[in-house]
Protein chains: 2
Amino acid sequence: MYLPTIKQLQYLLAVVELRHFGQAAERCFVTQSTLSSAIQELETLLGVQLLERTKRKVLPTPMGLELAEQARKILKISFNIIELSNSSKKPLCNEVRLGVIPTIAPFLLPKVLLPLHQAFPELSLLLIEDQSALLMKRLESGEIDCAILALPYPTEKLACQLIGEESFWVAMPEGDPLTKKCKISAAELPMERLLLLEEGHCLSDHAMSACGGSEVKVLYQGSSLYTLIEMVAWGQGITFVPAMALESPLLKHAKIELRPLDEPTPHRQMALVWRATSYQKNNMLVLADKLAELMAI
Amino acid sequence: MYLPTIKQLQYLLAVVELRHFGQAAERCFVTQSTLSSAIQELETLLGVQLLERTKRKVLPTPMGLELAEQARKILKISFNIIELSNSSKKPLCNEVRLGVIPTIAPFLLPKVLLPLHQAFPELSLLLIEDQSALLMKRLESGEIDCAILALPYPTEKLACQLIGEESFWVAMPEGDPLTKKCKISAAELPMERLLLLEEGHCLSDHAMSACGGSEVKVLYQGSSLYTLIEMVAWGQGITFVPAMALESPLLKHAKIELRPLDEPTPHRQMALVWRATSYQKNNMLVLADKLAELMAI
DNA sequence: GTTATTAATTGTTAAAATCGATTGATGTAT
DNA sequence: ATACATCAATCGATTTTAACAATTAATAAC
């Protein structure tokens with residue numbers, strides 16, 4: 001099935017509007033012969049006469065007028081396509097679908113969203129909160145464009161840019177014996193009282209391995225940091241919290257005490273990851289840089 | 001300003017729908033390399049990435065999806081264009097704007113319209129009644145496609161096909177002295193009593209010249225054949241009527257007598273005329289033939 | 001590791017688009 | 001009437017483009 005070309009339709013429209021081959025050719029930046037043969041070709045393709053040529057004037061047939069109308073529509077859409085693609089050329093001016101893991105999201109997002117919007121007013125962030133493994137799946141399927149994860153995490157084939165680092169603190173009930181110490185060393189931690197997030201949350205793994213105690217048996221119980229903190233406040237045990245959480249109002253008002261850990265301070269790294277092939281790859285470095293800058297404050 | 005081509009958009013749409021270059025190429029009846037480079041070209045033209053290619057799958061970017069949507073619209077219109085032009089290829093299936101002079105219209109049209117519609121059910125006739133000179137102008141400007149005129153008439157540059165011929169009769173008041181004769185010769189006509197249509201109607205000229213009396217002074221008075229007949233019935237004078245008018249109920253019920261003219265019978269020819277360049281030129285011969293056939297009955 | 005799949009790439013050929021110049025037909029002005 | 005100007009079609013040459021077949025490089029599956 002042969003279709004007319006946009007060029008042919010463009011030429012036709014010009015002739016129908018100007019009623020003059022020469023002028024139409026000029027408007028289209030081609031010679032009259034080019035335009036003339038293009039329109040003949042269109043007529044041949046469609047098997048329909050579109051213009052009546054008397055030597056002195058050009059008279060569009062009803063079919064010519066009708067096709068010019070259709071041509072107008074097609075050209076409008078074509079220009080719209082150009083517009084659309086031009087409007088998306090500034091950095092971070094379009095929609096970015098960002099996944100964030102639950103142990104980062106509630107502390108990071110309140111801090112960065114507003115300044116991010118100010119830095120990139122045309123950026124539209126679509127946020128998804130989920131655990132690392134699920135975010136990876138969504139990334140791969142194209143459901144999201146990028147994700148903020150805690151490293152180390154197996155990120156094969158993904159591009160990755162560090163955006164910050166934070167140490168872990170220990171949260172304990174008020175009046176706990178441990179509160180007497182200003183800094184706590186990993187060896188002093190009462191592993192039997194350790195409360196951790198349920199499986200799937202990387203925070204627990206990171207904290208544990210950072211303390212060297214990956215073979216210790218612990219109870220995975222909390223489904224979110226918030227409930228975990230509540231449990232600590234009620235005296236059920238102790239847990240790790242990431243440094244960023246310290247500023248959170250939730251922790252500030254909980255009846256808990258917080259202590260840093262001794263050198264070498266256990267910590268996790270936060271990174272923005274994306275498909276190496278992502279159409280957003282140019283934007284991603286910009287975004288990661290901005291995030292790093294905002295987190296450093 | 002460079003625009004995408006319909007082909008590029010077609011290829012893009014195929015890939016977006018099938019998520020597979022090879023299959024998309026097959027659907028478009030081109031090789032994979034052709035399709036592949038066409039889409040790259042489109043991306044380069046727009047300066048926007050439309051597809052993410054991981055070796056194992058193709059993932060349209062949001063922009064790719066959006067453009068596919070626009071492509072769908074454009075292709076729909078394109079196919080519609082093909083449709084439109086195909087639907088107008090049968091003979092006399094479209095709109096034909098036909099002009100008819102006032103001294104032919106009221107007698108010819110009732111006779112031919114219904115059979116014409118039966119012969120060409122898809123033909124849509126748009127009728128315009130006007131004097132020859134004005135019809136010529138409208139023809140030239142493209143306002144109408146063809147006209148039925150009485151010859152002789154200067155029809156330079158127009159294509160022309162005879163569709164019939166009719167002799168003139170003389171109409172006179174009942175009981176007029178002339179009624180005693182069965183046939184009237186031109187010489188016997190009382191020129192001083194001749195009533196004719198006002199200037200612009202060719203009927204008068206034709207009748208007069210047919211009778212050889214073009215230099216005779218006559219009163220042009222009637223603005224239509226109907227009023228002219230009324231004047232004759234009231235005894236104001238005599239006039240010519242074309243043979244086709246004899247069957248008209250208007251003449252049958254008027255208080256007038258009708259007589260034919262002697263050999264050589266004065267007559268006029270009726271013809272269909274159109275611009276030689278008309279896009280309808282192929283239809284015109286068909287139409288003229290049908291009209292001639294219907295008038296001969 | 002090996003094989004199969006997939007899109008990009010390369011080199012070649014055929015097709016087309018475009019141009020410049022000319023032609024032929026048609027009004028217009030002298 | 002005659003010369004002139006205008007306009008779209010046509011022709012021939014050149015450049016550009018489109019398309020193909022074959023190959024390559026990367027990846028996933030076995």
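Protein chains get the first letters and strands the later ones, always in sequence-line order, with residue 1 at the start of each. Hydrogens, waters and symmetry mates are skipped; everything else that's a heavy atom, side chains included, is used.
Here the rule is side chain to side chain contact (heavy atoms under 4.5 Å, CB included) with A:I148, and of A:I101, A:L109, A:I163 only A:I163 fits it.
Of the charged side-chain nitrogens involved, at least one lies within less than 4.0 Å of a carboxylate oxygen, so that B:E43 and B:R53 count as a salt-bridged pair. Between B:K281 and A:E52 no salt bridge is recorded (no basic side-chain N to carboxylate O distance below 4.0 Å). Ion pairing of B:E17 with B:R72 is present here, as a side-chain N (NZ or NE/NH1/NH2) and a carboxylate O approach within less than 4.0 Å.
Between A:F21 atom CZ and C:dG24 atom C1' the separation is 16 Å, expressed in whole Å. What separates CD of A:Q10 from P of C:dT18 is a distance of 10 Å, to the nearest Å. D:dC7 atom C1' lies 15 Å from atom CG of A:L59, rounded to whole Å. If you measure from atom CD1 of B:I39 to atom P of D:dA19, you get 13 Å, rounded to the nearest angstrom. In this structure, the OH atom of B:Y2 is 12 Å from the C1' atom of C:dA17, given to the nearest Å. Residue B:L18 contributes atom CG, which lies 11 Å from atom P of C:dA7 at whole-angstrom precision.
Between B:R53 and C:dA8, a side-chain N or O to OP1/OP2 separation shorter than 4.0 Å is present. In terms of phosphate contacts, A:H20 brings no side-chain nitrogen or oxygen within less than 4.0 Å of OP1 or OP2 of D:dT6. For the OP1/OP2 pair of C:dT18 and a distance below 4.0 Å, the side-chain nitrogens and oxygens of A:K7 include at least one atom meeting the criterion.
Side-chain contact check for A:S33 and A:S36: no donor-acceptor pair (N or O, by modelled atom type) lies under 3.5 Å. Judged by distance alone, the side chains of B:N283 and B:Q280 do bring a donor and an acceptor atom under 3.5 Å apart.
In this structure, the side chains of B:Y279 and A:L51 stay at 4.5 Å or more apart for every pair of heavy atoms.
In terms of modelled atom types and a separation under 3.5 Å, the side chain of B:Q8 and the main chain of B:T5 share a donor-acceptor contact.
Shown for residues 22-37 of chain B: residues whose heavy atoms fall under 4.0 angstrom of DNA chain C, namely B:G22, B:Q32, B:S33, B:S36. Remark: B:E41 in residues 40-52 of chain B come within less than 4.0 Å of DNA chain D through at least one heavy atom.
The minimum heavy-atom distance between A:V96 and A:C146, with the atom names listed, is CG1-SG, 3.7 Å.
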